[in-house]
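Working notes, beginning with the structure itself.
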Amino acid sequence: MLEKTYQPAEIEPRIHGEWEKAEAFKAGRPDRQGDAAEPFTIVIPPPNVTGSLHMGHALNNTLQDVLCRFERMRGKDVLWQPGTDHAGIATQMVVERQMMERQEPDRRAIGRDTFVEKVWTWKEESGGVIINQLKRLGASCDWSRERFTMDEGLSRAVLKVFVELYRAGLIYKDKRLVNWDPKFQTAISDLEVVQVDSQGSFKWDRDSEEAFDAAALDKALARDPSGHMYHFRYPLTQKVDGYDKDYIVVATTRPETMLGDSGVAVHPEDERYAALLAAKATVTLPLVGREIPIVADEYSDPEKGTGAVKITPAHDFNDFEVGKRHNLEQINILDEIAQLNENAPEAYRGLDRFIARKRIVADMDAAGLLEKIEPTSHTVPHGDRSNVVIEPWLTDQWYVNAAELAKDAVKAVEDGRTRFVPKNWEKTYFEWMRNIQPWCISRQLWWGHQIPAWYGPDGQVFVATDEGEALAEALTHYVQNGTLTTERADEIARAGTADALLKRDEDVLDTWFSSGLWPFSTLGWPDETPELQRYYPTNVLVTGFDIIFFWVARMMMMGLHFMKEVPFHDVYIHALVRDEKGQKMSKSKGNVMDPLGVIDSFGADALRFTLSAMAAQGRDIKLSTQRVEGYRNFATKLWNAARFAEMNECVRKFDFDPAALDETLNKWIVGETERASAAVTTGLEAYKFNEAATAAYEFVWGIFCDWYLELIKPILNGDDEEAKAETRACVAWVLDQILKMLHPFMPFITEELWAHMVEHGEKRTSLLTLSQWPKLSELQNAEADAEIGWVVALISEIRSVRSEMNIPAGAKIPLVITGADKAARERADRHEDTIGRLARLDSISFDATAPKGAAMIVVGETTAAIPLEGVIDMEAERRRLAKEIGEAQGNLDKMDAKLANPNFVAKAKPEAVEETRERKAELEGIIKRLTAALRRLEAS
RNA sequence: GGGCACUUAGCUCAGCGGUAGAGCACUACCUUGACAUGGUAGGGGUCAGAGGUUCGAUCCCUCUAGUGCCCA
């Protein structure tokens with residue numbers, strides 16, 4: 001016998017063990033190989049190896065799991081490919097922090113090889129906790145195939161891709177501005193930069209009475225170094241006729257960058273500066289003394305500030321472009337930790353950028369060149385992991401020509417080879433892909449795939465999959481150009497190391513370079529494996545919109561280029577999970593809801609069902625524990641329904657055929673079951689998770705538990721053995737269908753109940769997760785639907801009247817059905833016990849007219865009376881009837897108005913007109929009967 | 001500034017060219033042999049506002065107001 005309440009914490013680990021024991025989630029199960037089953041593949045968007053499960057993961061993986069379990073039950077050969085990525089910066093950071101805490105020497109002290117070894121040790125010991133958390137969520141991945149982006153095979157894929165793209169000219173080295181993270185001392189991609197709003201508070205103007213107060217500014221900048229616009233006077237090298245001042249005013253939010261200025265730009269049509277442009281005037285850069293040109297460029301906006309902007313090509317993305325157009329010098333004044341370097345005047349060298357900022361403002365004031373400072377609101381780029389201000393910095397980096405690779409990726413979506421669901425996300429995708437910038441793939445880290453590029457003594461680069469190949473190439477090259485003699489080359493070749501000639505590039509590749517290969521590298525590529533053959537392209541990628549650029553874009557580019565086929569047919573973009581107030585969950589706000597905590601309190605099934613039921617397309621999820629609690633209650637409800645079935649010996653029979661039943665109730669419920677399973681199936685096929693979940697919920701609670709189980713109690717307690725046997729078998733059958741249709745959402749409780757449901761008198765040993773998805777047809781029965789609908793309506797009406805008439809819940813009352821036709825009489829006879837039980841009646845009788853002092857009920861064409869003279873408050877009954885008549889009349893008026901409109905009758909769909917006529921007739925009947933009841937009441 | 005959404009019951013949200021729905025919350029009653037993590041009944045809505053299309057608009061179109069997100 002089942003326990004009285006459902007205890008998820010007890011059940012979940014055990015069920016998990018059973019799935020593992022049966023290897024239920026393994027792709028290519030013996031019965032599903034080859035033509036026996038269609039493959040269905042999802043690759044997990046690889047979580048970060050340092051990560052732990054947050055609500056976003058919980059949603060993302062719940063949806064993937066729902067799809068996988070659904071398709072697995074539909075007989076497909078499902079591969080849900082799990083794994084993690086190596087998360088370059090994040091992982092290196094975690095290990096370095098750990099070393100610091102243990103007061104061990106830092107990574108530079110122990111050297112690259114030892115450090116990388118340490119990271120591997122960390123990974124083996126503590127990496128991938130998220131994998132176990134995913135298991136707790138119930139994720140049915142093929143865990144035997146778990147992959148890691150730094151695995152041997154995946155690393156081989158990375159090398160091959162790099163070398164091939166290099167040889168195709170799609171990877172190249174370039175000196176450009178990158179987003180430099182001075183904390184981690186590495187380049188990061190645009191996507192790893194977050195814009196943070198800054199709004200300063202300090203204000204000063206040289207026209208004001210007071211002197212500039214450097215200490216006050218310091219104080220403001222201590223809170224936030226950004227948020228101010230500084231206006232400086234740059235003196236003209238020579239006075240120019242036709243221009244009334246001897247200086248030009250420029251504005252900047254980053255004063256320290258002035259040390260790297262190599263020009264001032266004004267708009268070519270800005271009258272104010274025409275004389276300066278005509279005279280090819282220059283300014284002398286204050287504090288530095290460099291003479292720099294004033295150039296005409298449309299980049300400067302005449303409407304903004306003075307219309308003149310300082311140009312610092314080496315420290316600003318826009319200025320970089322302006323500088324290129326005018327051939328301005330690129331002067332890098334910062335080192336890798338954002339301190340002023342030797343290109344700055346001596347007084348500033350070695351200063352941190354923000355110290356220098358304050359010093360420069362003070363020095364400009366001292367020189368009488370500070371015009372004003374005003375608070376401004378602007379966005380400042382920060383590293384998403386380091387949380388420090390990012391510097392645009394001029395370095396040599398490796399780039400992928402993303403614009404070229406993006407062409408095919410765009411086309412594939414235009415052609416519909418890959419489809420976005422919901423469709424509107426393709427706009428975001430197109431927008432991004434059509435404006436894609438060169439992708440900087442080198443990172444100045446030690447943890448990751450080291451770039452397979454070697455440099456000769458003259459800086460010549462040799463890109464190859466391994467050192468030997470690079471060396472061979474280099475030797476040929478240097479012998480050919482005469483740098484090396486053949487003898488010397490042979491000697492180097494024999495040494496077994498390239499050290500004498502080549503030096504390997506120290507940088508590693510962006511983590512996403514390897515993750516972009518995930519849909520095929522995990523299947524064994526570059527080897528031509530059977531898995532690759534069978535499971536690529538994958539069916540769907542499930543992800544949040546914020547990750548379109550990370551996952552979708554890169555996987556599309558790489559997949560199309562190397563596999564010549566899209567990596568996935570569908571991209572399902574789901575919502576973001578927010579807190580109950582609609583705010584993004586974040587650690588700093590302290591509003592994170594820990595999925596594992598939720599699982600502990602309510603069970604994984606409740607969390608999963610909540611996320612599924614709320615996953616409406618195109619809308620974010622505002623999650624509250626109350627909602628989870630509600631679905632936990634649903635699990636309990638299901639549990640108790642199963643318990644009821646068990647208590648009543650509802651066992652599945654060999655010969656049970658849902659299409660051949662005698663009892664109306666059973667005919668009705670199998671039809672409802674068919675409708676529900678069809679709704680769930682349709683919902684899941686269309687990625688409408690909320691519709692699927694709600695359809696199942698509605699059916700299980702609102703129909704099966706609320707009505708069917710209640711309605712059959714008289715049969716189960718009665719002495720019609722045949723009816724009892726059929727009903728028991730039917731309950732068992734419906735419950736089986738319920739467990740199946742709920743399984744994708746609530747795998748644990750359904751699997752547990754499945755095991756408890758005895759089948760043909762034997763304890764069941766097969767697993768639900770490998771059972772067959774309901775495929776029902778031709779179980780609808782209109783007569784049964786009408787009959788049970790009538791019973792349900794009658795019971796509801798009686799209950800309603802009882803409640804409104806304040807008839808005590810415990811009191812049993814008589815019911816007199818008046819004016820019943822043959823059908824109604826038969827129905828009432830057939831379901832006498834049921835109606836009596838659920839409406840708490842002591843008798844049902846028939847009479848031509850209603851007795852005096854009775855409450856009246858109208859259900860369709862049936863009129864019934866509750867004759868309780870003295871018990872019933874006649875005044876209340878009069879009010880109730882009048883109200884019901886009023887409501888019906890209101891509806892009738894609407895129908896009449898429609899039908900009175902000739903345009904409606906002429907132009908509306910015939911079905912709509914017919915429906916309106918039927919409704920009108922129905923309402924008229926109801927009003928007639930209710931009015932008759934009211935008259936009788938008034939007459940008595 | 002460019003783009004994408006959203007505005008429906010007290011709250012959170014479904015819905016969608018033809019009787020406005022759910023969960024939670026609320027009110028009243030009920031420990032009846034599966035379930036109080038429950039049952040029964042009930043109250044509560046000019047579907048943001050203004051136009052337009054249509055026989056008919058919460059739904060389609062336009063504008064307005066407000067909110068959120070992404071990208072500059």
Side-chain angles (χ1 to χ4, degrees), chain A residues 1-2 4-6 190 195 317-318 379 422 424-428 430-432 435 545-546 548-549 575-576 578 580-584 602-603 606 610 613-648 650 688 690-691 693-694 697-698 701-702 705-706 709-710 713 716-717 731 795-810 812 837-840 887-888 890-892 894-895 897-909 911-916 919 922-923:
Chain A
M1 179 67 70
L2 287 167
K4 199 171 172 186
T5 52
Y6 162 56
D190 293 347
Q195 299 296 336
F317 288 98
N318 289 315
T379 59
N424 53 311
W425 287 112
E426 69 178 39
K427 274 201 171 180
T428 307
F430 286 140
E431 192 66 23
W432 162 263
N435 296 303
F545 75 88
D546 49 336
I548 289 177
F549 314 125
L576 235 53
R578 300 173 177 281
E580 49 197 318
K581 290 184 207 110
Q583 297 195 305
K584 216 166 168 170
F602 302 106
T610 308
M614 295 182 81
Q617 289 186 2
R619 194 151 177 159
D620 286 345
I621 294 179
K622 288 183 203 162
L623 193 63
S624 73
T625 27
Q626 268 192 337
R627 201 71 194 254
V628 185
E629 200 180 336
Y631 289 116
R632 187 272 318 268
N633 295 352
F634 175 58
T636 305
K637 187 78 184 175
L638 174 66
W639 183 265
N640 280 294
R643 188 160 172 266
F644 171 82
E646 194 178 34
M647 289 169 78
N648 284 282
C650 297
K688 296 193 171 170
N690 61 322
E691 288 180 17
T694 320
Y697 181 97
E698 254 317 294
W701 201 322
C705 291
D706 283 352
L709 292 186
E710 293 302 329
K713 280 178 183 173
L716 295 177
N717 296 330
V731 169
I795 293 169
S796 300
E797 266 309 301
I798 299 169
R799 282 171 170 172
S800 188
V801 170
R802 291 182 64 117
S803 171
E804 280 180 58
M805 293 297 104
N806 289 320
I807 297 170
K812 291 209 164 190
R837 184 192 158 95
L838 295 191
R840 299 198 69 73
E887 274 170 18
N891 285 329
L892 180 62
K894 280 191 214 160
M895 300 305 132
K898 272 185 172 187
L899 291 167
N901 181 349
N903 282 327
F904 174 70
V905 182
K907 294 187 181 174
K909 282 178 292 188
E911 307 93 83
V913 179
E914 185 49 33
E915 205 182 298
T916 309
R919 177 98 180 113
E922 189 190 338
L923 285 166

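These numbers come from the heavy atoms of this one structure, side chains and all, not from hydrogens, waters or symmetry mates. Every value quoted in this text rests on a predicted model; they were computed, and no experiment measured them. In what follows, chains carry the letters A, B, and so on, assigned in the order in which the sequence lines appear, proteins first and then strands, with residues in each chain numbered from 1.
Between the CD1 atom of A/I795 and the C1' atom of B/rA41 there is a distance of 15 Å, rounded to whole Å. Separating the CD atom of A/E887 from the C1' atom of B/rG42 is a distance of 12 Å, rounded to the nearest angstrom. Put simply, CG on A/N318 is 15 Å from C1' on B/rC71, counting in whole angstrom units. In this entry the distance linking CH2 of A/W432 with C1' of B/rG3 reads 15 Å, nearest Å. Whole-Å rounding puts the A/E691 CD to B/rG21 P distance at 17 Å.
Taking the nucleotide of RNA chain B with the nearest heavy atom to each of A/K909 and A/S796, the more 5' of the two is matched to A/K909. Mapped onto RNA chain B by nearest heavy atom, A/N903 and A/T379 fall at different nucleotides, with A/N903 at the one closer to the 5' end.
Side-chain contact between A/N717 and A/R837 is present, with heavy atoms from C-beta onward closer than 4.5 Å. With a 4.5 Å cut-off on side-chain heavy atoms, A/N901 and A/K898 do not count as touching. The shortest side-chain heavy-atom distance between A/Y6 and A/L638 does not fall under the 4.5 Å cut-off.
Remark: A/E629 CD is packed, more than 12 non-hydrogen atoms of other residues, nucleotides or ligands lying under 6.0 Å away.
Only the C1' atoms considered, B/rA5 is 16 Å distant from B/rC13, to the nearest whole Å. When the C1' atom is used for both B/rU53 and B/rC63, the distance is 15 Å, rounded to whole Å. The same atom, C1', is picked in B/rA14 and in B/rG21; the two are 7 Å apart, to the nearest Å. Between the P atoms of B/rC61 and B/rG18, the separation comes to 16 Å (whole Å). Atom P of B/rG17 sits at a distance of 24 Å from the matching atom of B/rG51, rounded to the whole Å. Rounded to whole Å, the separation between the C1' atoms of B/rU8 and B/rA20 comes to 9 Å. B/rG49 and B/rA65 have their C1' atoms separated by 7 Å, given to the nearest Å. A gap of 24 Å separates the C1' atoms of B/rA9 and B/rA50, to the nearest Å.
Residue contacts shown for A/N891 are absent, as no nucleic acid heavy atom lies under 4.0 Å away. Using a 4.0 Å heavy-atom criterion, one finds that A/R799 contacts the sugar-phosphate atoms exclusively.
Between A/K427 and the phosphate of B/rG3, there is no side-chain N or O to OP1/OP2 separation shorter than 4.0 Å. Look at A/S800 and you'll find a side-chain N or O under 4.0 angstrom from OP1 or OP2 of B/rG42. A close approach under 4.0 Å does not occur between any side-chain nitrogen or oxygen of A/W425 and OP1 or OP2 of B/rG3. Note on A/N435: every side-chain N or O is 4.0 Å or more away from OP1 and OP2 of B/rC71.
Side chain of A/F545, nearest nucleotide from B/rC4, B/rC69, B/rC55: B/rC69. Side chain of A/W701, nearest nucleotide from B/rG39, B/rU19, B/rU37: B/rG39. Here B/rG18 is the nucleotide among B/rU12, B/rG18, B/rG38 with the atom lying nearest to any side-chain atom of A/K898.
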Parsed dot-bracket for RNA chain B after applying the Watson-Crick and G-U rules with both distances under 3.5 Å and | for other-strand partners is (((((((..((((....[..)))).(((((.......))))).....(((((..]....)))))))))))).
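Panel note: side chain A/R802, backbone A/A839; a donor-acceptor pair is recorded below 3.5 Å. Remark: side-chain polar atoms of A/T916 are paired, donor with acceptor, to backbone N or O of A/A912 under 3.5 angstrom. Put simply, the side chain of A/S803 never gets that close to the backbone of A/R799: no donor and acceptor are under 3.5 Å apart. Judged purely by atom type and a 3.5 angstrom limit, A/R632 has no side-chain atom pairing as donor or acceptor with the backbone of A/G603. Of the possible polar contacts, none joining the A/N648 side chain to the A/C650 backbone as a donor-acceptor pair under 3.5 Å is found.
Of the candidates A/V731, A/L709, A/L2, A/L709 is the only one forming a side-chain contact (heavy atoms from CB on, under 4.5 Å) with A/F644.
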Could you write nucleotides 25-36 of chain B as a row of B, S and -, 5' to 3', where a protein heavy atom under 4.0 Å of any base atom gives B, of only sugar-phosphate atoms gives S, and otherwise -? -----S---BBS
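Ring pair A/F602/A/Y631: centre-to-centre distance not below 6.0 Å.
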